[in-house]
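Here is how names work: the chains are called A, B, and so on, in the same order as the sequence lines, proteins then strands, and each is numbered from 1. Everything numeric here is computed off the predicted structure, so don't read it as measured data.
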Protein chains: 2
Amino acid sequence: MPYSIGQVAKKTGLSTYTLRYYDRKGLMPFVKRSPSGRREFTDKNLDFIDLITCLKGTGMQLSEIRKFVELAMQGDATLTTRLNIFKQQQEAVKAQIKQSQKFLDKLDYKVRFYTAACEAGTETAVSGNCDLPDQPIVINEQLRVKRA
Amino acid sequence: MPYSIGQVAKKTGLSTYTLRYYDRKGLMPFVKRSPSGRREFTDKNLDFIDLITCLKGTGMQLSEIRKFVELAMQGDATLTTRLNIFKQQQEAVKAQIKQSQKFLDKLDYKVRFYTAACEAGTETAVSGNCDLPDQPIVINEQLRVKRA
DNA sequence: ATATAACTTAGAGTATACGCTAACTCAAAC
DNA sequence: GTTTGAGTTAGCGTATACTCTAAGTTATAT
């Protein structure tokens, strides 16, 4: 039994608007229609939508995803091309995670800095250098507003 | 010696358009002007722009960053509020990294799958389940198109 | 002194990814 | 058989974040 667009929306968390939009954008040429024109999604289709969600979640644009889908529709002739797309995206995600980790390091430093600042009652009493995150954060007792 | 907007653009990698746009959006109320109205960025300003870039890079919207900037301009009275914003963003980034890692796992699987498919010459010869990524990927020798 | 490069603002234009409405059709329940 | 809920398309509207142009001013180098 195929799924209706509403059922797919519930299953995937995407809105029906989004699903139709994706379809219009050429991301779902594999979805068959009932005699009256309604979309009928199979379980295999759902897997593919999961993949689309994955690619989208890693920053791939809909236009690029469309290209991938078109390759996939062409069958085995495009296997290596598709493999390369996945390898490329793999590297992209690794780089993204690295970048996010750098940002997280900065945030970690900020939390330590602001924790000290809150304790001292003022930012001016706190020393520390954001670009040297391992450097200790020190409170200048002379400048404290709040006493411990 | 203060920096001009062009120099800041080079240093930060943001375009002058973007810097002015950020300014207009209230993200840089701390930037002073020369008598003739030109922006004069200090090194401290550059650090703050780095922070803005960090927050933006972790998915914070400009409108939210603006709120943070406004709090920062109010001084020590908003220290705990700002600390909480950083803590919140810290958690958000951790969650993002986790999600990205999940997507990466899926991509890793796809690379393994497609590598096998390329070797076999056809997708149909390859078995494997994306939701059980530890399951081995097996090539059905009967369905091979390309012989090893 | 003047060319040119860089700055200024206001505001229009672009890209992406939706979200929503209107007007209509269709399927299932009662 | 008719209501109700869900589906359909076309197309307009929105949000975000730029990106660029136009028209003018200012700073710097020759």
Indicate whether OP1 or OP2 belonging to [N] is found under 4.0 Å from a side-chain N or O atom of [X].
{"X": "B:Thr16", "N": "C:dA6", "result": "no"}
{"X": "A:Arg33", "N": "C:dC26", "result": "no"}
{"X": "B:Arg24", "N": "C:dT9", "result": "no"}
{"X": "A:Ser36", "N": "D:dT8", "result": "no"}
{"X": "B:Lys25", "N": "D:dA15", "result": "no"}
{"X": "A:Tyr22", "N": "C:dC18", "result": "yes"}

How close or far is atom [atom2] of [N] from atom [atom1] of [X], stated in whole angstroms?
{"X": "B:Leu19", "N": "C:dT9", "atom1": "CG", "atom2": "P", "answer": "12 Å"}
{"X": "A:Arg38", "N": "C:dC24", "atom1": "CZ", "atom2": "C1'", "answer": "12 Å"}
{"X": "A:Glu40", "N": "C:dC26", "atom1": "CD", "atom2": "P", "answer": "15 Å"}
{"X": "A:Arg66", "N": "C:dC18", "atom1": "CZ", "atom2": "P", "answer": "16 Å"}
{"X": "B:Leu55", "N": "D:dT16", "atom1": "CG", "atom2": "P", "answer": "17 Å"}
{"X": "B:Asp23", "N": "C:dA10", "atom1": "CG", "atom2": "P", "answer": "11 Å"}
{"X": "A:Gln61", "N": "C:dT16", "atom1": "CD", "atom2": "P", "answer": "6 Å"}
{"X": "A:Glu64", "N": "C:dA17", "atom1": "CD", "atom2": "P", "answer": "9 Å"}

Under 4.0 Å, counting only non-hydrogen atoms across every strand here, what does [X] touch: a base, just sugar-phosphate, or nothing?
{"X": "A:Ser4", "result": "sugar-phosphate"}
{"X": "A:Arg20", "result": "base"}
{"X": "A:Ser15", "result": "sugar-phosphate"}

Side chain of A:Lys56, heavy atoms from C-beta onward: which of C:dA17, D:dG11, D:dA17 has the nearest atom to it?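 Nucleotide nearest to A:Lys56's side chain: C:dA17.
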Given C:dC7, D:dT19, D:dG7, the nucleotide with the shortest approach to the side chain of B:Ile5: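 Within the option list, the nearest is C:dC7.
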For the residue pair A:Phe86 and A:Phe68, does the interplanar ring angle fall in the parallel (under 30°), tilted (30 to 60°) or perpendicular (over 60°) class?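 Answer is perpendicular, since the angle exceeds 60°.
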Treating A:Thr78 as the side-chain partner and A:Gln74 as the backbone partner, does any N or O pair qualify as donor plus acceptor under 3.5 Å?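 No, the answer is negative, given that no donor and acceptor are paired below the 3.5 Å cut-off.
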Evaluate salt bridge (charged side-chain N to carboxylate O under 4.0 Å, His left out) for A:Glu91 paired with A:Lys94, printing each intermediate quantity in order. CA-CA 5 Å; A:Glu91 293 312 310; A:Lys94 282 182 194 167; 3.4 Å; yes
State, without any angle test, whether B:Gln89 and B:Thr58 hold a side-chain donor-acceptor pair at a distance under 3.5 Å.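 Checked: B:Gln89/B:Thr58 side chains pair up, N/O donor to acceptor below 3.5 Å.
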When you check the gap from the basic side-chain N to the acidic O, do B:Glu123 and A:Arg82 get nearer than 4.0 Å?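 Looking at A:Arg82 together with B:Glu123, the answer is yes, because their closest N to O distance falls below 4.0 Å.
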Does B:Leu62 or B:Tyr17 map to a spot on DNA chain D nearer the 5' end, using the closest nucleotide for each?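 Per heavy-atom nearest nucleotide, the more 5' residue is B:Leu62.
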